[in-house]
Participant: 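Could you have a look at this structure, given as structure tokens, before my questions?
Quick note: numbers below take in every heavy atom, side chains included, and nothing from hydrogens, waters or symmetry partners.
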Amino acid sequence: PPPVPASSLQHPAPLPSPPPPPSRLPPEAASTSPPQRPQLKLARVPSQNGIVLSWSVGEMDRSCAAVDSYHLYAYHEEPPAPAPGAAASPSPSQWKKIGEVKALPLPMACTLTQFVSGSKYYFAVRARDLYGRYGPFCEPQSTDVIAS
């Protein structure tokens, strides 16, 4: 087979698929939409070698059910493998769920610490509504964690 061009090893990997919605939803769920796609922003906290994730939605969609929680995912971009042909293409399993936060009125934010400095991280967030349905992931955002 022809060698895989390096350009096809795109970071970040595709985001994991959402779990299927619950098979039995209460009747009132039928009149509501799954959660909206959030918009994520990142800011560095140099003093703590941390990153602040903040998210909101562009415009509140009144047809959406109430959000119960937000699920945060992180992806650590591994340095390329030194051996030619050894680079594994990024896979959705490299996205790790790093937390779940109870929904509060938007905008929301949380601070993450304990990063490997000198590495690149990607973050994504998605909402889960009170019926257990997941909304789409936001556009992943990335940041380099610089050693202070």
Participant: Mind running side chain to side chain contact (heavy atoms under 4.5 Å, CB included) on Leu106 and Tyr70 for me, showing each step along the way?
Facilitator: CA-CA 11 Å; Leu106 291 169; Tyr70 289 94; 3.5 Å; yes

Participant: What heavy-atom pair brings Ala13 and Pro92 nearest, and what distance separates the two atoms?
Facilitator: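 Heavy atoms only, the tightest pair is CB-N, 4.0 Å.
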
Participant: Under the criterion side chain to side chain contact (heavy atoms under 4.5 Å, CB included), I'd like the reasoning laid out for Gln141 against Lys41: C-alpha separation, chi angles, the key distance, then a yes or no.
Facilitator: CA-CA 7 Å; Gln141 302 295 316; Lys41 292 193 181 75; over 6 Å; no

Participant: What's the shortest heavy-atom distance between Pro35 and Pro136, and which atoms?
Facilitator: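 For Pro35 versus Pro136, the nearest heavy atoms are O-CD, 3.5 Å.
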
Participant: To the nearest 0.5 Å, tell me how far Thr143 OG1 sits from Lys120 NZ.
Facilitator: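 The NZ atom of Lys120 is 9.0 Å from OG1 of Thr143, to the nearest 0.5 Å.
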
Participant: Give me the one residue out of Pro19, Ser33, Pro20, Pro21 that meets side chain to side chain contact (heavy atoms under 4.5 Å, CB included) with Arg133.
Facilitator: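 When Pro19, Ser33, Pro20, Pro21 are each tested with Arg133, the side chain to side chain contact (heavy atoms under 4.5 Å, CB included) holds only for Pro21.
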
Participant: Does Leu112 share a hydrophobic cluster with Tyr75, counting links as ILVMFWY side-chain heavy atoms below 4.5 Å and allowing steps through other members?
Facilitator: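 Leu112 does not cluster with Tyr75.
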
Participant: What I'd like to find out is whether the side chain of Pro140 reaches to under 4.5 Å of the side chain of Pro12, using heavy atoms alone.
Facilitator: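 Heavy-atom side-chain distance check passes, below 4.5 Å.
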
Participant: Run the side chain to side chain contact (heavy atoms under 4.5 Å, CB included) test on Leu42 and Leu53 for me, step by step, so that the C-alpha distance in whole Å, both residues' side-chain angles and the decisive distance to 0.1 Å come before the verdict.
Facilitator: CA-CA 5 Å; Leu42 302 181; Leu53 278 62; 3.7 Å; yes

Participant: Less than 4.5 Å apart, side chain to side chain, heavy atoms only: is that true for Glu139 and Arg37?
Facilitator: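 Yes; the side chains approach each other to less than 4.5 Å.
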
Participant: Please report the interatomic distance OG(Ser69) to CG(Leu130), rounded to the nearest 0.5 Å.
Facilitator: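 The CG atom of Leu130 is 10.0 Å from OG of Ser69, to the nearest 0.5 Å.
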
Participant: Hey, do the aromatic rings of Tyr73 and Trp95 have their centres closer than 6.0 Å?
Facilitator: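 Centroid distance Tyr73-Trp95: not below 6.0 Å, so no.
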
Participant: Is the shortest side-chain heavy-atom distance between Tyr131 and Pro26 below 4.5 Å?
Facilitator: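 They are in side-chain contact.
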
Participant: Nearest 0.5 angstrom please: Cys138 SG to Trp55 CH2, how far?
Facilitator: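 So the gap between those two atoms works out to 9.5 Å.
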
Participant: Taking side chain as C-beta onward, heavy atoms only, is Asp68 less than 4.5 Å from Asp129?
Facilitator: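 Heavy-atom side-chain distance check fails, nothing below 4.5 Å.
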
Participant: Of all the heavy-atom pairs spanning Gly50 and Thr113, show the shortest one and how long it is.
Facilitator: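 Scanning both residues, the minimum pair turns out to be CA-CG2, 4.0 Å.
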
Participant: With a 4.0 Å cut-off on N to O distance, would you call Glu100 and Arg128 a salt bridge?
Facilitator: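 Here Glu100 does not pair with Arg128 in a salt bridge, since their nearest N and O are not under 4.0 Å apart.
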
Participant: Group every Ile, Leu, Val, Met, Phe, Trp and Tyr by side-chain heavy-atom contacts under 4.5 Å, then state whether Val101 and Val67 land in the same group.
Facilitator: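 Yes: a chain of side-chain contacts under 4.5 Å links Val101 to Val67.
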
Participant: What pairs with Ala74 under side chain to side chain contact (heavy atoms under 4.5 Å, CB included), at least two apart in sequence or on another chain?
Facilitator: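 Ala74: side chain to side chain contact (heavy atoms under 4.5 Å, CB included) contacts with Ile98, Phe123.
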
Participant: Taking the side chain from Gln36 and the backbone from Gly135, do they hold a donor-acceptor pair closer than 3.5 Å?
Facilitator: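 Flag not set: sc Gln36 to bb Gly135 has no pair under 3.5 Å.
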
Participant: Please determine whether residues Leu40 and Met60 belong to a single hydrophobic cluster, defined as Ile, Leu, Val, Met, Phe, Trp and Tyr linked transitively by side-chain heavy-atom distances below 4.5 Å.
Facilitator: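 Per the 4.5 Å side-chain linkage, Leu40 and Met60 are co-clustered.
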
Participant: What is the distance from atom CE of Met108 to atom NZ of Lys102, rounded to the nearest 0.5 Å?
Facilitator: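 Answer for the CE-NZ pair, Met108 versus Lys102, is 10.5 Å.
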
Participant: For the CD atom on Glu28, are there more than 12 heavy atoms of other groups (residues, nucleotides or ligands in this structure) within a distance under 6.0 Å?
Facilitator: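 Enclosed.
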
Participant: Quick check for you: to the nearest 0.5 Å, what is the distance between Phe137 atom CZ and Leu15 atom CG?
Facilitator: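 Answer for the CZ-CG pair, Phe137 versus Leu15, is 5.0 Å.
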
Participant: Evaluate the side chain to side chain contact (heavy atoms under 4.5 Å, CB included) criterion for residues Gln39 and Val57: first the C-alpha distance (whole Å), next the side-chain angles of each, then the deciding distance (0.1 Å), finally the verdict.
Facilitator: CA-CA 6 Å; Gln39 294 167 337; Val57 291; 6.0 Å; no

Participant: Is the ring centre of Tyr122 less than 6.0 Å from the ring centre of His76?
Facilitator: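 Here the rings of His76 and Tyr122 have centres that are no less than 6.0 Å from each other.
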
